[in-house]
Amino acid sequence: MCTTTRILYTCHHVFYKQLSAWMLHGLLLDQKGEFFIEKIELSQSSEVEQREVDEEAPTAGPFSATEKATSEFRINGQLAPSYLPQTVLEKILFIGEAVQIFQTLHASGAHPPLASFSVSSGYQLRADLMKFSWMLTVLQNQPILQLRDFENKIEYIRNVVAQHLWRLLVEESNLVGHLHVMKDIFLLGRGELFLSFIDMADILMKQSPTSTTQHDINVAFRQAMIKIAMDHEELAKQFELTLSLPPVQSSGVSLKSKMTNSWKYVGMSHKVSWPLHVVLTPATLEKYSALFHFLLSLRRAQAYLQQCWATLMTIRTGAHCLQAVWQLRTHMGFLIDNLQYYVQVDVLETQFSQLLNRIKSTHDFEAVKVAHSDFVKTLQSQLFFTEPIRRCVYEILELCFSFSELIQTLRREEFVFSSKEQEAFHRISVDFRRQSSLLFRVLSAAKNHHSAPHIAQLLLRIDYNRYFTNLS
């Protein structure tokens, strides 16, 4: 063995010791800061930076956002051996962080909900870790590092660890069942629940928010669960409605005094059980909350227009003005009903079915996480989270809210507008005509530019008689 080979062999001996500690035990034995995986204390970075690392940085680990994490790990490319590809480094990072999950699992009393992790799975995991140890020992005893052999063994270890993690999440922790619950709450899968909630909380939410508003709407939410016979006690522990109010101004005056409607600030938070946090990260839950806000706004618009129909049916006189009001309500209801059908059937049901199929077709954790990430991104893309479609849809929803408020003030048998009410109605009518026409043009442009079949289906429904085409 020549001098150069002997030096490399000695260096690799230290490298394999660090590698074994990380891949077999999830530990960093790196007092001198020589290993290419490094720990970063979360207190050193802001919350926004943490989310960016978790969602975007290719060298960040997949388990950064743990429930009570105090640190995270990433690859320091400057310390990595130049002959190891980036993909191999990322696999090593994944293996160590996955092993940390299992080490936490078997810690006494660490996470009682995962006491269901089967004994057979635990035995198989320990047997595989022993096999991994033997494989790393074989690599360590080689006088020269055989890169192809090294990559193959790392790939094998990664695949086995990913299968164990998949089993822990999908089979032992019932990820699919939890996603169904997420769909019922965040994506309004249980429509009757939120119809009941809107009915109970509407008067409260149409007022300026106070210090007790958030508590009160959660009480109403639990009452709505009881009304439709849902397991409200368990769900109340996991899901909570929130109000994301603007911060206090620099002058010390809160913006609450300018708020007249709490619906604009409502969101949903979720307490994720361990270890599902490796899929449902804080950044992902923020996206779910944004989706929830949009879907709830759309459902409110539909419910309000149905209430307007009931109110107008009680009115017997004022035929001339009433005809224009009925026509506007019909146009609004037609557009909102088609948007609701598009959202629930063309997008949510279709994409959720595809997500479940992708989860069932694999035994690899990373494939599951990628499938869920793609699911959330697709929802944001197809549910108008891009400008200018987003702004246009929200303008239409606000016009529906204004129209409903105007109609609900006319709780009298004789339908007569005052001059102020007539002016408000005319403004709403003109603005809705303009915004709905703009939405059609924007969606048509998006369909032609992106070749989006889901948008084509929506356009076909709302323009079946070429009304919007002629209007444009």
Side-chain angles (χ1 to χ4, degrees), residues 8-9 11-30 35-37 58-64 73-77 79-106 117-173 175 275 278-279 358-371:
L8 285 175
Y9 177 80
C11 293
H12 285 152
H13 184 77
V14 177
F15 171 73
Y16 278 115
K17 286 184 62 177
Q18 296 173 329
L19 200 62
S20 298
W22 174 249
M23 294 175 60
L24 300 179
H25 308 285
L27 300 176
L28 280 182
L29 300 181
D30 188 27
F35 196 42
F36 64 86
I37 294 176
T59 57
F63 315 111
S64 300
F73 301 90
R74 71 179 183 186
I75 296 172
N76 186 339
L79 297 179
S82 59
Y83 45 81
L84 292 183
Q86 180 68 25
T87 55
V88 174
L89 302 180
E90 292 175 358
K91 292 173 184 177
I92 293 173
L93 175 63
F94 170 83
I95 293 168
E97 293 194 311
V99 169
Q100 285 186 337
I101 294 288
F102 295 115
Q103 295 291 351
T104 305
L105 168 66
H106 292 291
F117 191 66
S118 64
V119 176
S120 60
S121 298
Y123 285 149
Q124 184 61 47
L125 175 62
R126 285 190 286 271
D128 286 332
L129 288 176
M130 292 179 63
K131 184 177 181 180
F132 301 160
S133 178
W134 172 80
M135 294 171 66
L136 292 176
T137 301
V138 171
L139 290 174
Q140 182 178 345
N141 292 332
Q142 292 177 351
I144 299 177
L145 188 148
Q146 302 294 330
L147 186 57
R148 179 63 62 85
D149 188 30
F150 180 85
E151 291 181 3
N152 290 339
K153 285 183 169 54
I154 294 297
E155 174 66 17
Y156 173 82
I157 295 174
R158 192 216 73 86
N159 290 339
V160 173
V161 169
Q163 289 179 13
H164 279 290
L165 196 54
W166 175 90
R167 187 178 300 111
L168 173 64
L169 290 170
V170 178
E171 294 184 350
E172 307 288 348
S173 302
L175 174 63
V278 300
V279 174
R358 290 179 66 178
I359 292 176
K360 294 176 182 178
S361 64
T362 184
H363 285 179
D364 187 290
F365 160 75
E366 285 192 314
V368 170
K369 186 170 184 179
V370 170

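Only a predicted model underlies this, so the values are computations on that prediction, with no experimental measurement involved. Just so it is clear, the values below take in all heavy atoms, side chains as well, and ignore hydrogens, waters and symmetry mates.
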Closer than 3.5 angstrom, by distance alone: can the side chain of Ser361 be matched with the main-chain N or O of Arg358 as a donor-acceptor pair?
yes

Exam field: side chain Ser133 to backbone Leu129, donor-acceptor pair closer than 3.5 Å:
no

Gap between atom [atom2] of [Y] and atom [atom1] of [X] - 0.5 Å precision:
X	Y	atom1	atom2	result
Leu89	Arg74	CG	CZ	14.5 Å
Leu84	Phe36	CG	CZ	6.5 Å
Arg158	Gln163	CZ	CD	9.0 Å
Asn152	Leu147	CG	CG	9.5 Å

Are any of the side-chain heavy atoms of [X] and [Y] separated by less than 4.5 Å?
X	Y	result
Trp22	Leu93	yes
Phe73	Gln100	yes
Glu90	Ile75	yes
Phe132	Met23	no
Leu24	Leu19	no
Phe150	Val88	yes
Gln18	Ile37	no
Val368	Leu169	no

Applying side chain to side chain donor-acceptor pair (under 3.5 Å), can you list everything that pairs with Lys131, at least two apart in sequence or on another chain?
Tyr156

Show me the pairs that pass salt bridge (Lys or Arg N to Asp or Glu O under 4.0 Å) and involve residues 139-152, at least two apart or across chains.
Asp149-Lys153

I'd like to check the ring-ring contact (aromatic ring centres under 6.0 Å, His included) partners of His363; sequence neighbours left out, ordered by chain and number.
Trp166

Kindly give the heavy-atom pair with the smallest separation between Leu139 and Tyr16, and that separation in Å.
CB-OH, 3.6 Å

Heavy-atom closest pair, residues His25 and Val99:
C-CG1, 3.8 Å

Applying side-chain contact (heavy atoms from CB on, under 4.5 Å), can you list everything that pairs with Asn159, at least two apart in sequence or on another chain?
Glu155, Asp364

